[in-house]
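When reading the values below, keep in mind they use all heavy atoms of this one structure, side chains included, and skip hydrogens, waters and symmetry mates. Counting from 1, the numbers follow the sequence of the chain as shown.
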Amino acid sequence: MKPPLIAFTMDQSPAADVRPFARGRELYFINAVYVRYLEGADCLPMALPTLLDHSRIPALIAGIDGLLLTGGDDVYAGAYGEEVIPGQWRIDPPRTFFEIELIREALHQHKPLFGICRGCQMINVALGGSLWQDIASQAPGARQHRSPESPILTYHPAAIAAGSRLHAIVGRESLTVNSSHHQAIRKLAPRLQITARAEDGIIEGIELPGEDFVLGVQWHPETMDEMSSSRALLEAFLANCLERSPAR
Ligand code: MN
C-alpha cells in the first residue's frame, strides 16, 4: 500500500525580515522538526507553501491524503473580526486566509486534519472561533505558556477529556506537554469540542466530534518525539488518512 501523502503548511519570512537567513528575500520555510516528525512514520511528507491564488485549493486537497497544519507566526486577528493588538509578534495574514480555505475544503472533502499549536488555533478560527491574541495581557490568572528565555519551551500538565478521540489515542487522563505559545483559543468554534486544558483553563486540545479526523493540540508533539503520546498522535492521524483515501 502506498503511504499517505501528507501536506504540511509553512511559515513566511517577508522581504523586510532582517534575520540573517532571510537577507532581504521573501521566503517560505519550515522548522525541520516537522519534517523529522513526519519522516519518522510511514508517510510521504510534502511542503505546501502559502498560495495567494485560492482557486487551486480544491484540487490540492483532492490530491493529498491528509493535511498537517504546523505552528508558526501569529494568526491574523482580522480573520476573527478583531483589531490586532500591538505587540512584537509576527502575523501572517496571507497564510491565515490560505489555511482557512484549506481547512474548509479539507472538511468538505473529508480529508483528515491535524493541527499543531498555531494549526490548532487555525482550525478553531476557520470554524468560527476566536483567540486570545496575547495570553499574558488578556487572560487574567493564566500561567506562562512560553518561556521568556531561549529555548522558549516550557512544560505544564494538560488534563485530557474522557471520551474524546485524543483520550483514545494517548490513553491517558493527564499529560505533561511542552508549551511555546502566547496565543490560545478564546471562543470555541460552535462545532468543536475541548479535549485538553491546562490547569489555568487555557485550551490545549480540540477536535470535531464524529467520523472525520479533525484534531488539534496546542503543544508541540513534533519536538517531543521521545514521548509515546506524540508518536501515537501521528500514527492515529496517518491511519485515518489511509482509511479515508478512496483510491486505495
Ligand atoms: Mn500551553
Side-chain angles (χ1 to χ4, degrees), residues 1-9 30-46 64-72 103 106-107 110-124 145 151 153-181 184-185 188 192-199 202-245 248:
M1 204 187 304
K2 186 168 81 73
L5 180 62
I6 305 301
F8 59 87
T9 52
I30 188 69
N31 189 326
V33 288
Y34 291 102
V35 183
R36 298 289 92 78
Y37 183 49
L38 289 169
E39 218 176 23
D42 190 21
C43 70
L44 305 173
M46 185 181 77
I64 62 171
D65 299 310
L67 179 65
L68 174 66
L69 297 148
T70 59
I103 291 164
L107 285 165
H110 304 284
K111 296 288 171 106
L113 277 173
F114 181 21
I116 292 178
C117 193
R118 171 200 161 100
C120 172
Q121 299 165 5
M122 277 306 312
I123 292 170
N124 183 58
H145 280 265
L153 281 182
T154 183
Y155 294 85
H156 61 70
I160 311 298
S164 62
R165 186 191 288 270
L166 178 65
H167 184 260
I169 293 170
V170 302
R172 305 264 303 268
E173 282 166 18
S174 176
L175 281 178
T176 298
V177 297
N178 59 18
S179 191
S180 175
H181 58 111
I185 292 171
L188 187 71
L192 293 174
Q193 164 189 341
I194 296 166
T195 59
R197 275 191 198 271
E199 288 167 316
I202 290 292
I203 295 171
E204 293 278 338
I206 52 158
E207 65 194 39
L208 188 69
E211 289 290 298
D212 291 343
F213 189 104
V214 179
L215 184 146
V217 293
Q218 184 57 66
W219 64 90
H220 284 275
E222 82 284 3
T223 65
M224 345 191 266
D225 205 35
E226 73 289 0
M227 281 188 60
S228 60
S229 66
S230 300
R231 181 62 34 199
L233 275 167
L234 180 57
E235 295 293 349
F237 169 58
L238 296 177
N240 208 275
C241 294
L242 276 181
E243 275 169 33
R244 295 267 154 181
S245 211
R248 292 172 195 284

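Of all the heavy atoms in T223 and V33, the pair that sits closest is CG2-CG2, 3.9 Å. Across every non-hydrogen atom of P4 and L242, the tightest pair is CD-CD2, 3.7 Å. Between C117 and G71 the shortest heavy-atom distance is CB-CA, 4.3 Å. Nearest approach of R231 to G40, heavy atoms of both residues: NH1-O, 3.2 Å. Nearest heavy-atom pair, P3 versus L44, reported as atom, atom and distance to 0.1 Å: O-CD1, 3.7 Å. Of all heavy-atom pairs spanning I206 and C120, the tightest one is CD1-O, 3.4 Å.
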- [ ] Verify side chain to side chain contact (heavy atoms under 4.5 Å, CB included) between I116 and Y37, making sure each step is shown before the conclusion.
- [x] CA-CA 12 Å; I116 292 178; Y37 183 49; 4.2 Å; yes
- [ ] Begin from the C-alpha positions of L233 and L215 and carry the test side chain to side chain contact (heavy atoms under 4.5 Å, CB included) through to its verdict.
- [x] CA-CA 9 Å; L233 275 167; L215 184 146; 3.8 Å; yes
Open item on the list: As a quick check of understanding, evaluate side chain to side chain contact (heavy atoms under 4.5 Å, CB included) for I6 and I64, giving each step before the final call.
Closed with: CA-CA 6 Å; I6 305 301; I64 62 171; over 6 Å; no
- [ ] Kindly indicate, with the supporting measurements, whether the criterion side chain to side chain contact (heavy atoms under 4.5 Å, CB included) is fulfilled by M224 and W219.
- [x] CA-CA 9 Å; M224 345 191 266; W219 64 90; 3.3 Å; yes
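In this structure, CG on L38 lies 9.0 Å from CD1 on I30, to the nearest 0.5 angstrom. In this structure, I123 CD1 and I103 CD1 are separated by 5.5 Å, a value rounded to the nearest 0.5 Å. Taken to the nearest 0.5 Å, the CG atom of L238 stands 11.5 Å off from the CD atom of E243. Here the straight-line distance linking atom CG of L175 with atom OH of Y155 works out to 13.5 Å at 0.5 Å rounding. Considering NE2 of H220 and OG1 of T70, their distance stands at 9.5 Å, rounded to 0.5 Å. The line from CD of E222 to CG of N31 is 7.0 Å long, rounded to the nearest 0.5 Å.
Here the side chains of V35 and F8 are in contact, with some heavy-atom distance below 4.5 Å. Looking only at side-chain heavy atoms (C-beta outward), L192 and L208 come within less than 4.5 Å of each other. Taking the side chain as every heavy atom from C-beta outward, M46 and L5 approach each other to under 4.5 Å.
With sequence neighbours excluded, the residues forming a ring-ring contact (aromatic ring centres under 6.0 Å, His included) with H145 are H156, H181, listed by chain and number. Annotation: salt bridge (Lys or Arg N to Asp or Glu O under 4.0 Å) contacts of E235 (sequence neighbours excluded): none. Judged as a salt bridge (Lys or Arg N to Asp or Glu O under 4.0 Å), and not counting sequence neighbours, E173 has no contacts.
A salt bridge (charged side-chain N to carboxylate O under 4.0 Å, His left out) with D212 is found for exactly one of K111, R244, R165, namely R244. Among the candidates E204, R197, Q121, the single residue satisfying the side chain to side chain donor-acceptor pair (under 3.5 Å) test with Q218 is Q121. Just one residue in the list L166, V217, L113 forms a side chain to side chain contact (heavy atoms under 4.5 Å, CB included) with E207, and that residue is L166.
Aromatic ring orientation, F114 versus F213: perpendicular (interplanar angle above 60°, classes split at 30° and 60°).
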